[in-house]
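These numbers come from the heavy atoms of this one structure, side chains and all, not from hydrogens, waters or symmetry mates.
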Amino acid sequence: MVDSDSRKQVERALSRVDAKVKGTAYGSWLGYYNSNKNVRRDKNRLVMLANEYSRSMGLDNPPAIAKKNLRKMGLQNIPGLRSE
């Protein structure tokens, strides 16, 4: 459990991080865990976890990922991902 003061401090700090940086972090997270043998087997679960990560950064919607990157990761038709 995280105390409410610490949670507020983290939320304030995250609100000052540029959305582009959060998008890059999201894409990097997705790429890293897609290469992890324990996670990559279930692409739908991977996307669900990535979108939870996105929400933890204060984003209402997950950032869009370039179509070519989704193809390279084998994620082009997985529900829950947005492409650009």
Side-chain angles (χ1 to χ4, degrees):
M1 296 299 293
V2 177
D3 67 84
S4 63
D5 188 48
S6 295
R7 181 179 296 275
K8 288 177 186 175
Q9 288 178 1
V10 169
E11 287 171 355
R12 277 194 302 271
L14 282 169
S15 72
R16 292 190 295 263
V17 176
D18 185 77
K20 195 170 192 170
V21 172
K22 291 178 183 179
T24 300
Y26 173 80
S28 297
W29 189 100
L30 197 55
Y32 174 80
Y33 284 103
N34 188 50
S35 68
N36 182 302
K37 290 179 184 180
N38 294 322
V39 181
R40 74 174 176 205
R41 285 179 258 192
D42 186 347
K43 303 290 187 183
N44 291 306
R45 178 154 171 72
L46 173 69
V47 171
M48 181 191 74
L49 293 171
N51 291 344
E52 282 181 27
Y53 174 66
S54 172
R55 284 188 296 279
S56 78
M57 291 188 288
L59 299 173
D60 293 330
N61 295 306
I65 304 291
K67 287 181 183 181
K68 69 176 185 170
N69 291 343
L70 291 176
R71 265 193 314 278
K72 287 179 184 178
M73 290 190 279
L75 299 172
Q76 63 270 23
N77 293 314
I78 304 298
L81 289 173
R82 295 181 18 195
S83 62
E84 54 181 31

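The shortest side-chain heavy-atom distance between V17 and M57 does not fall under the 4.5 Å cut-off. Looking at L30 and L81, their side chains come closer than 4.5 Å, going by heavy atoms from C-beta outward. Looking at L75 and L46, their side chains come closer than 4.5 Å, going by heavy atoms from C-beta outward. Within the 4.5 Å cutoff, side-chain heavy atoms of K43 are placed close to those of N34. Inter-residue side-chain proximity for L49 and R45 is flagged as met; some heavy-atom pair is nearer than 4.5 Å. L59 has its side chain out of reach of Y53: every pair of non-hydrogen atoms, C-beta onward, lies at least 4.5 Å apart.
The local environment of CZ in R7 is sparse, with at most 12 non-hydrogen atoms from other residues, nucleotides or ligands closer than 6.0 Å.
Linking Ile, Leu, Val, Met, Phe, Trp and Tyr residues whenever their side-chain heavy atoms come within less than 4.5 Å places M48 and M73 in a single cluster. Both Y32 and I65 belong to a single network of hydrophobic side chains, linked directly or stepwise wherever heavy atoms of I, L, V, M, F, W or Y lie under 4.5 Å apart.
N77 contributes atom CG, which lies 10.5 Å from atom CZ of R71 (distance to the nearest 0.5 angstrom).
Without hydrogens or angle criteria, S28 side chain to T24 main chain gives a donor-acceptor distance under 3.5 Å. Remark: the backbone N or O of P63 is not paired with any side-chain donor or acceptor of K22 at under 3.5 angstrom.
Taking both residues in full, the closest heavy atoms of Y26 and A50 are given as CE1-O, 3.3 Å, listed atom of the first, atom of the second, then distance.
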